[in-house]
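Reviewing the structure listed below.
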Number of protein chains: 2
Amino acid sequence: MAIEQTLLGSGPGRPPGRPRSERAERAIIEATLDLLIQEAGVAGVTIEAVAARAAVGKTTIYRRWPNKEALIIDALATLKGPIPDLAGESVRDDLVALARAVRPSQDPRLDCVWNIFGGATKHPHLARQFKQTVVLPRQEVMRAVLRRGIANGELRPDLDPEVAMAIIAGAVTMRARSLSPDEDLPEDFADQVVDTALRGLSSGSAPSCTGP
Amino acid sequence: MAIEQTLLGSGPGRPPGRPRSERAERAIIEATLDLLIQEAGVAGVTIEAVAARAAVGKTTIYRRWPNKEALIIDALATLKGPIPDLAGESVRDDLVALARAVRPSQDPRLDCVWNIFGGATKHPHLARQFKQTVVLPRQEVMRAVLRRGIANGELRPDLDPEVAMAIIAGAVTMRARSLSPDEDLPEDFADQVVDTALRGLSSGSAPSCTGP
DNA sequence: CTTATACGAAACGCAATCGTATCGAATGGG
DNA sequence: CCCATTCGATACGATTGCGTTTCGTATAAG
């Protein structure tokens, strides 16, 4: 093995013997998330596949986690960040940033939403953990943005933030999976969704702009 | 076995021997869909579980379908209908009807979206079949409604139907799974989504008109 | 009654996966 | 050097699922 051992704690409480490889740990988590997406859900994540992909012995996995579910729970916990810094200039820009964060083509690891939510009835622990670490924090941020917009008059006073969140997050998440595997989401899809949602689908007949 | 044999074709082209049980066929399809939802995806659908739930021998399944994937494809095909009759009175009412159809708490069989879409990379056949029989027809209807609205002035002339569809379908689908298993989608959620999307999130003031 | 097929139940061989155990080598502190 | 622990590799028994086959029974046509 290479000489990339990490020292972790050289402090006093350090246990004797060879320290655990931190590289192995990262590789295992990474491999778990990859498999969770590429294979079809929790059932597709086999310990042996994780070990193979992480170039690690099964022993190394079972020394750290008692079973597959615990491993997946820890792997999901690493998806918590990062939530983008919000400029706070306009509600519109913040919403676009959040919509991009919900599904940036950059971080395909979030695609495991489908498999985690799909297996919610079979694996309630995982679904709860995923909601707690991944979904709720993002919802919290978006809710705050919406509230701010309502407070300062940028958004309708009678707007239901829950409905608005479902619209924005749902549109991006759904559209990304309705495509063929080869096509890709247009770069500015998040912008389009937010702008369309803000303006509304209906023609401005009643209040304002009836078009340029 | 009971005396619920179905005759199918007593006509001339009828092959000799005992005819196949139509009841068994229905039960198998039904059991397959149930498992596809309750268990976590395609991997959770085992032939033996299907046989047990349908009260049928494995032989009876393999006589009809060559393997598991073919069975699931046929099972998904039965999800194609019914698409609700559209009153055609107003675009708004039609959209509400469609939003309800995308996820009526009535037909939880559509919940397998999550498992099929999630397994899209692993089972492209199933994803394609599901899109073909279930997703596309509904999209087609909704697209027609949106086009009509654009044509007759009820909707913005510059509205992108694809974005609008993602907003409505995505909001309903997503929100339904973001809930705890015990809570249920409010009866009028589809109405809220459509009304919010039509009016737009932003307050009716000017800024939206400065866009591109 | 004969023939042909479908039925459910059970057992088969095969492969995959689980979680555990054992091995020799590697890597740390004392 | 010595000891404790981890490393990757490999083998293990147990379980599960696949797809096939066999068996005795049931249900049709002629």
Side-chain angles (χ1 to χ4, degrees), chain A residues 1-28 31-32 35-36 38-72 122-123, chain B residues 1-28 31-32 35-36 38-73 119 122-123:
Chain A
M1 193 190 153
I3 328 142
E4 32 184 341
Q5 207 61 249
T6 315
L7 303 189
L8 263 177
S10 307
R14 173 91 141 59
R18 175 177 177 175
R20 293 189 179 175
S21 161
E22 199 174 86
R23 172 215 146 265
E25 191 136 344
R26 276 197 306 266
I28 293 169
T32 303
L35 288 173
L36 198 53
Q38 292 186 13
E39 303 301 309
V42 177
V45 179
T46 68
I47 296 288
E48 319 208 315
V50 172
R53 181 177 290 232
V56 145
K58 293 201 308 178
T59 324
T60 308
I61 299 181
Y62 280 111
R63 192 175 293 114
R64 292 165 164 79
W65 294 275
N67 52 52
K68 185 166 60 168
E69 194 159 281
L71 167 60
I72 297 184
K122 184 72 177 295
H123 303 279
Chain B
M1 194 188 155
I3 326 139
E4 34 184 338
Q5 205 62 246
T6 315
L7 303 189
L8 264 176
S10 307
R14 172 91 142 58
R18 177 176 173 175
R20 293 190 179 174
S21 162
E22 199 174 86
R23 170 214 148 265
E25 192 136 346
R26 276 196 306 265
I28 293 170
T32 303
L35 288 173
L36 198 53
Q38 292 186 13
E39 304 301 310
V42 177
V45 179
T46 68
I47 297 289
E48 319 207 319
V50 172
R53 183 178 287 232
V56 147
K58 292 203 305 179
T59 325
T60 307
I61 299 180
Y62 280 110
R63 191 175 294 115
R64 293 166 162 79
W65 294 277
N67 53 51
K68 186 166 60 168
E69 195 158 280
L71 165 61
I72 296 183
I73 286 184
K122 184 73 179 295
H123 304 279

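First the proteins, then the strands, lettered A, B, ... as listed; each starts at 1.
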Integer-rounded Å distance: C:dT20 C1' and A:W65 CH2: 18 Å
Of B:A24 and A:Y62, the one whose closest DNA chain C nucleotide lies more 5': B:A24
Gap between atoms CG and P, on B:L35 and D:dG17 respectively (whole Å): 11 Å
Touch class at under 4.0 angstrom, heavy-atom based, for B:V45 against every strand present: sugar-phosphate
Short side-chain N/O contact from B:R23 to OP1 or OP2 of C:dA6, under 4.0 Å: no
Sequence-distant partners of A:K68, salt bridge (Lys or Arg N to Asp or Glu O under 4.0 Å), two or more places apart: none
Sugar-phosphate, base or nothing in reach of B:A49, heavy atoms under 4.0 Å: nothing
Rounded interatomic separation in angstrom, taking CD from A:E69 and C1' from C:dC18: 14 Å
Taking every non-hydrogen atom, the tightest pair across A:I28 and A:W65: CG2-CZ3, 3.7 Å
Sugar-phosphate only, base, or nothing, as touched by A:A51 at under 4.0 Å among non-hydrogen atoms: nothing
Touch class at under 4.0 angstrom, heavy-atom based, for A:K68 against every strand present: sugar-phosphate
Between D:dG17 (P) and B:I61 (CD1): distance, integer Å: 13 Å
Closest contact, heavy atoms only, B:A24 versus B:R64: CB-NH2, 4.4 Å
Closest-nucleotide 5' rank along DNA chain C - winner of B:E48 and A:E48: B:E48
Side-chain N or O of B:R18 closer than 4.0 Å to phosphate OP1/OP2 of C:dC7: no
Distance-only donor-acceptor test, B:T59 side-chain atoms vs C:dA9 base atoms, 3.5 Å: yes
All N/O donor-acceptor pairs, side-chain side in residues 43-54 of chain A, below 3.5 Å, sequence neighbours left out:
| unit_1 | atom_1 | unit_2 | atom_2 | d |
| --- | --- | --- | --- | --- |
| A:T46 | OG1 | A:A49 | N | 3.1 |
| A:E48 | OE2 | A:K58 | NZ | 2.9 |
| A:R53 | NH2 | A:Q38 | OE1 | 3.3 |

Length of the line joining A:R64:CZ and D:dT5:C1', which is rounded to integer Å: 12 Å
Presence of donor-acceptor pair under 3.5 Å, side chain of A:K58 and base of D:dG8: no
Position toward the 5' end of DNA chain D (nearest nucleotide), B:I47 or B:P16: B:I47
d(CD, B:E25; P, C:dA6) in whole Å: 12 Å
Under-4.0 Å side-chain N/O to phosphate OP1/OP2 contact, A:R63 with D:dC7: yes
